[in-house]
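No hydrogens, no waters, no symmetry mates; every other heavy atom, side chains included, goes into these values. For clarity, every value in this text was computed on a predicted model and none was experimentally measured.
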2 protein chains.
Amino acid sequence: MATRTRRPERRQEPLSREHIVGAAVELLDAVGEDGLTFRALAERLATGPGAIYWHVRGKTELLAAATDAVVAAAVTIEPAESAESADSPQDGIRAVALGLFDAIEEHPWLATQLATQLSRSPWGTVAPRIFESIGRQVCALGVPEESWFTATSALMHYILGAAGQNAANTASAGTARPDVDRAVVLDAVSAAWEGLDPDDYPFTRAVAKQVRGHDDREQFLAGIALILAGITAIHSLTT
Amino acid sequence: MATRTRRPERRQEPLSREHIVGAAVELLDAVGEDGLTFRALAERLATGPGAIYWHVRGKTELLAAATDAVVAAAVTIEPAESAESADSPQDGIRAVALGLFDAIEEHPWLATQLATQLSRSPWGTVAPRIFESIGRQVCALGVPEESWFTATSALMHYILGAAGQNAANTASAGTARPDVDRAVVLDAVSAAWEGLDPDDYPFTRAVAKQVRGHDDREQFLAGIALILAGITAIHSLTT
DNA sequence: ACCTGAACACCGTTCAAGT
DNA sequence: ACCTGAACACCGTTCAAGT
């Protein structure tokens, strides 16, 4: 039961802001949001708690920086991903969506953090990053300018929400055999929903069976297809 | 500077769970999530911190209960709202959406809390509540059963995300003159977005001007119309 | 300029003791 | 059964002091 993943290997490199944020992300991944402590972080960086404050204003800023770093990496499509990015805008949107989907799956704390970040300050650095990468594809889709905001927002909110909800199914236990784990959790959700009051929750109970055994990623993409259909339909675009 | 809204007026009614949750919501509204403290809550209830633990397992459960209480109130459409609810399913969806929109606007802490709740436990009580109320309308819309989950999810995530983001524009300062306040904040967001790097953020900058002066509620409903269009288009439903 | 680490104020939670 | 309130362990943050 060695919870502490000590790592005082490399001792003295001057301790930069990047270094701190990187360690914060690692700690977040390892022990979750509650585990991110200035003391634990300091130990991991082989210094005292006070040192961190020289590079970062406080915990709020640290969390924002960690979130931004992960989002930036997720949203920047590697050139290898799609040879020349000569794909359709739809493919581009799917790529961005899956990038965020995977990032949230890899860093479960991201779901809550993204919501906090967006609902706290839309003028921060993380909101524009996501908005821009989706918006460009919306633009390429031929959506008229006055609808750019609506279409991009709809996509962004669905992507963030659905990916976040999905992360709950993955992050229940350790990382061993995530596929098995997920099936178990999905079954649990399905069972819980089927156990709801028949009078109050007829619809949710009816859907419960569908949830079981469905592929997450497929479901996620189906939602995106739905919104894309709405975008093309409402503006009579050709597909 | 009397931040403390003391209220030891009514002293001794046995202190029930409902009472505690109600006081928690009040405190949350007054001082935000960071202000919800077992000590502050106890003071407001004219008891000690330990007493609360007799009725509630801990802070996590308290937050969940507070969220659930507000969501339950928001999602239950008052009979006065729509005489016999003989409206169209579309109207029903808009009603649910606006109910949540208003609730988040009234209780800004709800945005973060909802995301936390959904991404932590989809099998909790709050997710089914929202899912059910939206899903019934989706069902009434004539969506085929295998698409219930996708359509309802898309709507739910958009509603929660967009309403949450919107709350950020409202909750910046005190409650006096929220309309003026909001215009100011919207201008600030717009200005911040226009100040982004032209090379990295061409799309976001282009949209920045649209943001200014647009009606939030109208924007919100436009997004819902978009998703509804997708639903009816993809299943070739008649409107 | 950058780091140290003790100290401060505060928090969630527990629990022996009361009624 | 239900409440009290002191106590515990821990946290974010500060800051005089060091290098």
Return yes if some donor-acceptor pair links the side-chain N/O of A/R39 with the main-chain N/O of A/P49 below 3.5 Å, else return no.
-> no

Mind checking B/L62 for me? I need base, sugar-phosphate or nothing, with any heavy atom below 4.0 Å counting as a touch.
-> nothing

Look at A/H55 and C/dC3 and indicate whether a side-chain polar atom (N or O) is within less than 4.0 Å of OP1 or OP2.
-> yes

Separation of D/dC11 C1' from A/L41 CG (nearest whole Å) | 14 Å

Proximal nucleotide (of D/dC2, D/dA7, D/dC11) relative to the B/R39 side chain = D/dA7

Pairing partner of C/dA1 (Watson-Crick or G-U wobble, both distances under 3.5 Å) = D/dT19

Distance in angstrom units between B/L63 CG and C/dT13 P, rounded = 11 Å

Between C1' of C/dT4 and CG of A/L15, the distance in whole Å | 12 Å

Just one of B/R212, B/K209, B/H214, B/Q210 clears the side-chain hydrogen bond (donor to acceptor under 3.5 Å, both in side chains) bar with B/S190, so which one?
-> B/R212

Identify which nucleotide among C/dG5, C/dG12, D/dG5 has an atom closest to any side-chain atom of B/K59, counting heavy atoms from C-beta outward.
-> C/dG12

Does A/T37 put a side-chain nitrogen or oxygen below 4.0 Å from OP1 or OP2 of D/dC10?
-> no

Within this structure, what is the CG-to-C1' distance between B/D34 and D/dT13, rounded to whole angstrom?
-> 14 Å

Rounded distance (Å) that lies between atom P of C/dG12 and atom CD of B/E33 = 11 Å

Should the pair A/R136-A/E132 be classified as a salt bridge under the 4.0 Å nitrogen-to-oxygen rule?
-> yes

Determine, stepwise, if the pair B/E105 / B/D102 fulfils side chain to side chain contact (heavy atoms under 4.5 Å, CB included).
-> CA-CA 5 Å; B/E105 197 163 37; B/D102 290 341; 4.1 Å; yes

Taking only N and O in the side chain of B/W54, is any of them less than 4.0 Å away from OP1 or OP2 of D/dC2?
-> yes

Please tell me if the side chains of B/L63 and B/L36 come closer than 4.5 Å, counting only heavy atoms from C-beta onward.
-> yes

For the side chain of A/T47, counting heavy atoms from C-beta on, which of D/dG12, C/dG12, C/dT4 is nearest?
-> C/dT4

A/F38 CZ to D/dT14 P: how many Å, rounded?
-> 10 Å

Pair partner, C/dT14 [Watson-Crick or wobble, under 3.5 Å] | D/dA6

On DNA chain C, more 5' by nearest nucleotide between A/I52 and B/T60 is A/I52

Whole-Å distance between D/dC10 C1' and A/L36 CG?
-> 15 Å

Out of D/dC2, D/dG5, C/dG12, minimum distance to the side chain of B/Y53 belongs to C/dG12

